[in-house]
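Below is one structure, written out as structure tokens, with a few remarks after it.
In this chain, residues are counted from 1 in sequence order. Counting starts at 1 for both ligands and their atoms, in listed order.
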Amino acid sequence: MDKYIINGGKRLTGEVEISGAKNAAVAIIPATILADEPCILENVPSINDVTIDLRILRELGADVKMLNRNTIRIDPRPIRDMPVPYELARSMRASYYFLSTLLNRFGHAQVPMPGGCYLGDRPMDQHLKCFRSLGAKYSIEHGVVNIEADTLYGTHIPFDKVSVGATINAMLAAVKAEGQTIIENAAKEPHIVDLANFLNSMGADIMGAGTDVIKIKGVSRLHGAEYAIIPDQIEAGTFMIAVAATKGDALIKNVIPKHLEPITSKLRKIGVVVMEYDDSVRVIGQGNYEHTMVRTMPHPGFPTDMQPQFAALLTLANGTSIINEGIFDNRFRYADELRRMGADISVDGKMAIIEGVDHLTGAPVKATDLRAGAALIIAGLSTDGVTEIEDIYHIERGYDNMDGKLRAMGADIVKRTFSESIRQAI
Ligand code: UD1
């Protein structure tokens, strides 16, 4: 029920510090269950999906302490053998990582089917295939996945399609299996590499993360570790596009420029100036951008998680742009909302055609999912007038202090809580 109110048309300038990667954090936090000692995680983003992960760990009995805003100490030793609470698991996608980690720890796990953004059908067949290959049995009853195996045995797992979540679950399950596991057709996203680095720092033996083939030699124990999570490439890309859309000039700090290459090259192609430094990028927006074609693909292709934000920018480019969504069936729900602001977008299945317009106008809109919400923020910042974005809980699931960071760069954006809205209405 909380809203963002944006008074758009202000250039974003100065600098912004990017937080730790959401999709790495939500894999690494449950991975601590595999250790037989405490772990300390640094650069953890302060976002709602992390809060839910930590609540699940606490409900299971882990000793979780915030050492500061972004550093957490997790002692997994007191974790009890019990089902993951239904409502918590259902409120995020990454709760499925408790399947592999609890299975490893107790020989069985009961984890409700995950939730997360609605982007079309999101089956779990590849996750289940990997558990079955490793020797586990499973059933799905009353919305809960039950899985068990006395011992997990290393094996070949040739995935039928590239899946980030299934690759991570396979790594988390195989890391302590007996013998060697070879994952083929693995996802190559930066957070896959980050998880492998974390597990290796705990004593795992994982090679090839970041390529199509990951080889894992099972180990009998994993010790505690102190580890800093990589910067969030999607948050960084979102800020890059926001700067471009407001014709701003800003430094995006704490990034790994290599991870941003697919985004950087598309931005340059339409006329945005991007300068790369060791751990920052400077973006200079000029306006008058050219149309382009975008096709989302698994890493190192253009990320589906940047597609809505890039579309928001293309609504203001010259000519006709085409977006092909190559990962999810239904990732254009934001198009209706952008149309309220004057965008000219037509959607045909997994393709969107955008005719660039001169300007957008502020309007009341709804965030239909996490990245759709980020696209609406970008659209709102780029236009004169007031944009009110409802359902911002989607945005807060994955962006750390988005409104505060934008304000520090010169944006006029405030968060109005539900009770403030009621007070204003009476
Ligand atoms: C992860 C990310 C999400 C990102 C997506 C693609 C997390 C927590 N979420 O989601 O932000 O948008 O990767 O980069 O890391 N699929 C199957 N069977 C399966 C699993 C997936 O058919 O068992 C399909 C999906 O429906 C989708 C495609 O494979 O069409 C890719 O999905 P996947 O990579 O698994 O995405 P998630 O792990 O859910």
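Counting heavy atoms under 4.0 Å from ligand 1, residue Ile327 touches it through both backbone and side chain. The part of Thr304 lying near ligand 1 is the side chain, judged by heavy-atom distances below 4.0 Å. Looking at Lys129 against ligand 1, nothing comes within 4.0 Å, counting heavy atoms. Residue contacts with ligand 1, taken as heavy atom pairs separated by less than 4.0 Å, involve Pro123 via backbone and side-chain atoms alike. No part of Met92 comes within 4.0 Å of ligand 1, judged by heavy-atom distances. Residue contacts with ligand 1 for Arg93 involve side-chain atoms from C-beta outward but no N, CA, C or O (heavy atoms, distance under 4.0 Å). With a 4.0 Å cut-off on non-hydrogen atoms, Tyr96 touches ligand 1 through its side chain and not its backbone.
In this structure, atom 18 (N) of ligand 1 lies nearest to the protein heavy atom Asp125 OD1, 2.7 Å.
Between Glu390 and Arg416, no side-chain nitrogen of the basic residue sits less than 4.0 Å from a carboxylate oxygen of the acidic one, so the salt-bridge criterion is not met.
Listed by atom number, the atoms of ligand 1 under 4.0 Å from Gly165 heavy atoms are 35 (O), 38 (O). Taking a cut-off of under 4.0 Å to the non-hydrogen atoms of Arg122, the atoms of ligand 1 that pass are 10 (O), 26 (O), 37 (P), 39 (O).
Here the options are Tyr334, Tyr289, Phe302, the test is ring pair (Phe, Tyr, Trp, His ring centres under 6.0 Å), and the partner is Phe310; only Phe302 passes.
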